[in-house]
Amino acid sequence: MTAMVKSEGVHKSFGPVHVLKGIDLEVAPREVFCLVGPSGSGKSTFLRCINHLEQINAGRLYVDGDLVGYRQKGDKLYELKDSEVALKRRDIGMVFQRFNLFPHMTATENVMEAPIQVRGESKAVARARAERLLDRVGLSDKAGNYPAQLSGGQQQRVAIARALAMEPKLMLFDEPTSALDPELVGEVLDVMRGLAEDGMTMIVVTHEMGFAREVGDALVFMDDGVVVESGHPRDVLNNPQHDRTKAFLSKVL
């Protein structure tokens with residue numbers, strides 16, 4: 001079975017700062033893969049490399065068997081054109097800490113926008129899907145509301161619906177609850193739980209250890225740009241083997 005995501009020796013630097021120092025990991029189809037670790041450990045950067053929002057400096061990244069951002073001929077890599085990268089990126093949904101919704105569009109219009117603009121879908125088809133997805137994230141009663149009329153948790157659920165509107169085969173979540181008030185976190189995690197039950201492949205950068213333990217299939221602890229420890233979430237969280245993992249978990253659990 002082809003891995004949905006495969007990372008081989010991935011390095012990434014920003015100027016003199018070496019952020020990723022040889023990341024090797026695999027994410028299986030339908031897996032919920034959690035990335036945890038302190039701020040600045042490279043988790044979000046790695047996520048952004050998966051859909052080529054950041055270019056890697058060395059190594060190989062594959063999504064569903066295809067090289068990310070490059071074409072290989074012989075031993076050489078050739079960078080894909082922006083249009084080719086955009087085409088591949090359609091298969092990858094991403095949800096950020098900040099919701100980045102269009103303020104002048106209703107919830108429905110926000111979810112409709114990408115399929116119409118990127119795929120050339122008709123408004124009727126896009127609207128029907130948007131309504132279905134808003135219902136799926138529990139917001140059918142807010143379909144006509146603008147972002148300013150929604151709570152942070154509701155905006156983030158619209159953002160998830162918007163990412164799902166492109167019918168991706170992989171969903172990336174970059175600390176999707178970290179900007180939310182504590183009482184709103186649960187409603188977003190419930191939506192993600194539902195996606196996991198539906199078999200969506202998900203990579204989740206998170207500080208929500210309860211979610212990782214309960215929903216995750218695999219967990220990687222990253223620190224200082226390397227994978228320190230990995231395994232089943234319950235094993236890593238209940239019985240960490242590495243001193244760095246123990247020190248981190250003692251602060252967050």
Side-chain angles (χ1 to χ4, degrees), residues 32 44 47-54 63 82-208 211 215:
V32 178
S44 295
L47 216 58
R48 291 171 67 83
C49 290
I50 292 172
N51 66 359
H52 208 58
L53 287 174
E54 300 289 354
V63 172
D82 288 348
S83 58
E84 294 173 290
V85 171
L87 204 59
K88 301 244 185 215
R89 203 178 275 145
R90 285 160 53 163
D91 290 331
I92 305 172
M94 188 155 184
V95 178
F96 300 88
Q97 294 179 32
R98 298 281 164 197
F99 328 121
N100 301 329
L101 298 176
F102 296 114
H104 60 290
M105 292 183 180
T106 64
T108 301
E109 289 165 347
N110 264 284
V111 179
M112 290 169 62
E113 181 71 1
I116 291 171
Q117 296 299 334
V118 179
R119 280 190 178 165
E121 269 185 9
S122 73
K123 284 193 173 176
V125 169
R127 183 175 294 280
R129 187 192 296 105
E131 289 169 353
R132 195 168 67 245
L133 287 170
L134 288 172
D135 183 51
R136 184 178 181 181
V137 300
L139 287 175
S140 48
D141 59 329
K142 305 288 184 188
N145 287 35
Y146 291 91
Q149 299 168 312
L150 301 171
S151 70
Q154 290 168 338
Q155 289 187 59
Q156 191 61 295
R157 285 188 280 157
V158 174
I160 293 172
R162 179 180 61 182
L164 291 172
M166 291 296 284
E167 301 181 324
K169 52 187 166 188
L170 169 67
M171 283 284 281
L172 308 176
F173 291 89
D174 188 8
E175 297 191 31
T177 58
S178 66
L180 300 178
D181 293 331
E183 69 271 18
L184 303 177
V185 168
E187 64 191 52
V188 173
L189 294 181
D190 283 345
V191 169
M192 294 169 65
R193 223 173 252 118
L195 290 178
E197 286 165 7
D198 292 345
M200 173 63 76
T201 310
M202 298 157 61
I203 303 180
V204 185
V205 172
T206 186
H207 293 296
E208 300 293 335
F211 174 84
V215 182

Gap separating the [atom1] atom of [X] from the [atom2] atom of [Y], nearest 0.5 angstrom:
{"X": "Leu133", "Y": "Met112", "atom1": "CG", "atom2": "CE", "value": "12.0 Å"}
{"X": "Leu172", "Y": "Leu47", "atom1": "CG", "atom2": "CG", "value": "4.5 Å"}
{"X": "Lys169", "Y": "Arg90", "atom1": "NZ", "atom2": "CZ", "value": "11.5 Å"}
{"X": "Asp174", "Y": "Ile203", "atom1": "CG", "atom2": "CD1", "value": "11.5 Å"}
{"X": "Arg162", "Y": "Gln155", "atom1": "CZ", "atom2": "CD", "value": "10.0 Å"}
{"X": "Asp82", "Y": "Leu87", "atom1": "CG", "atom2": "CG", "value": "12.5 Å"}

[X] side chain near [Y] side chain, heavy-atom distance below 4.5 Å:
{"X": "Met202", "Y": "Leu195", "value": "yes"}
{"X": "Met166", "Y": "Arg119", "value": "yes"}
{"X": "Gln156", "Y": "Val191", "value": "no"}

- Item | Residues in side chain to side chain contact (heavy atoms under 4.5 Å, CB included) contact with Thr177, at least two apart in sequence or another chain | Leu180, Val185, Val188, Leu189, Glu208
Within the distance-only criterion (no hydrogens, no angle test), does the side chain of [X] pair as donor or acceptor with the backbone N or O of [Y] below 3.5 angstrom?
{"X": "Asp135", "Y": "Ser140", "result": "no"}
{"X": "Gln149", "Y": "Tyr146", "result": "yes"}
{"X": "Thr108", "Y": "Ala143", "result": "yes"}

Looking only at heavy atoms, which two atoms of [X] and [Y] are closest? And how far apart?
{"X": "Leu184", "Y": "Gly153", "value": "CD1-N, 3.7 Å"}
{"X": "Ala161", "Y": "Val111", "value": "O-CG1, 3.7 Å"}
{"X": "Ser122", "Y": "Ile116", "value": "O-CG1, 4.4 Å"}
{"X": "Val32", "Y": "Ala196", "value": "CG2-CB, 3.5 Å"}
{"X": "Gln154", "Y": "Lys142", "value": "NE2-CE, 3.5 Å"}

- Query: Taking everything shown except Lys123 itself, do over 12 heavy atoms lie less than 6.0 Å from its NZ?
  - Reply: no
- Message: Tell me every residue that passes salt bridge (Lys or Arg N to Asp or Glu O under 4.0 Å) with Glu187, counting only those two or more places apart in sequence or in another chain.
- Response: Arg157
- Taking only residues two or more places apart in sequence or in another chain, which ones pass salt bridge (Lys or Arg N to Asp or Glu O under 4.0 Å) with Arg129? Glu121, Glu167
- Item | Residues which pass side-chain hydrogen bond (donor to acceptor under 3.5 Å, both in side chains) with Asp198, listed by chain and number, not counting sequence neighbours | Arg136
- Return the set of residues passing side-chain hydrogen bond (donor to acceptor under 3.5 Å, both in side chains) with Arg193 (not counting sequence neighbours), or none when no residue passes. Asp190, Glu214
Please output the side-chain donor-acceptor pairs of residues 91-102 that fall under 3.5 Å, not counting sequence neighbours, one pair per line with the distance.
unit_1	atom_1	unit_2	atom_2	d
Gln97	OE1	Ser178	OG	3.3
Asn100	ND2	Arg98	O	3.4

- Could you check Thr201, Leu170, Asn51 and say which one makes a side-chain contact (heavy atoms from CB on, under 4.5 Å) with Val63? Leu170
- Task: Walk me through it: do Met192 and Val204 pass the test side-chain contact (heavy atoms from CB on, under 4.5 Å)?
- Result: CA-CA 10 Å; Met192 294 169 65; Val204 185; 3.7 Å; yes
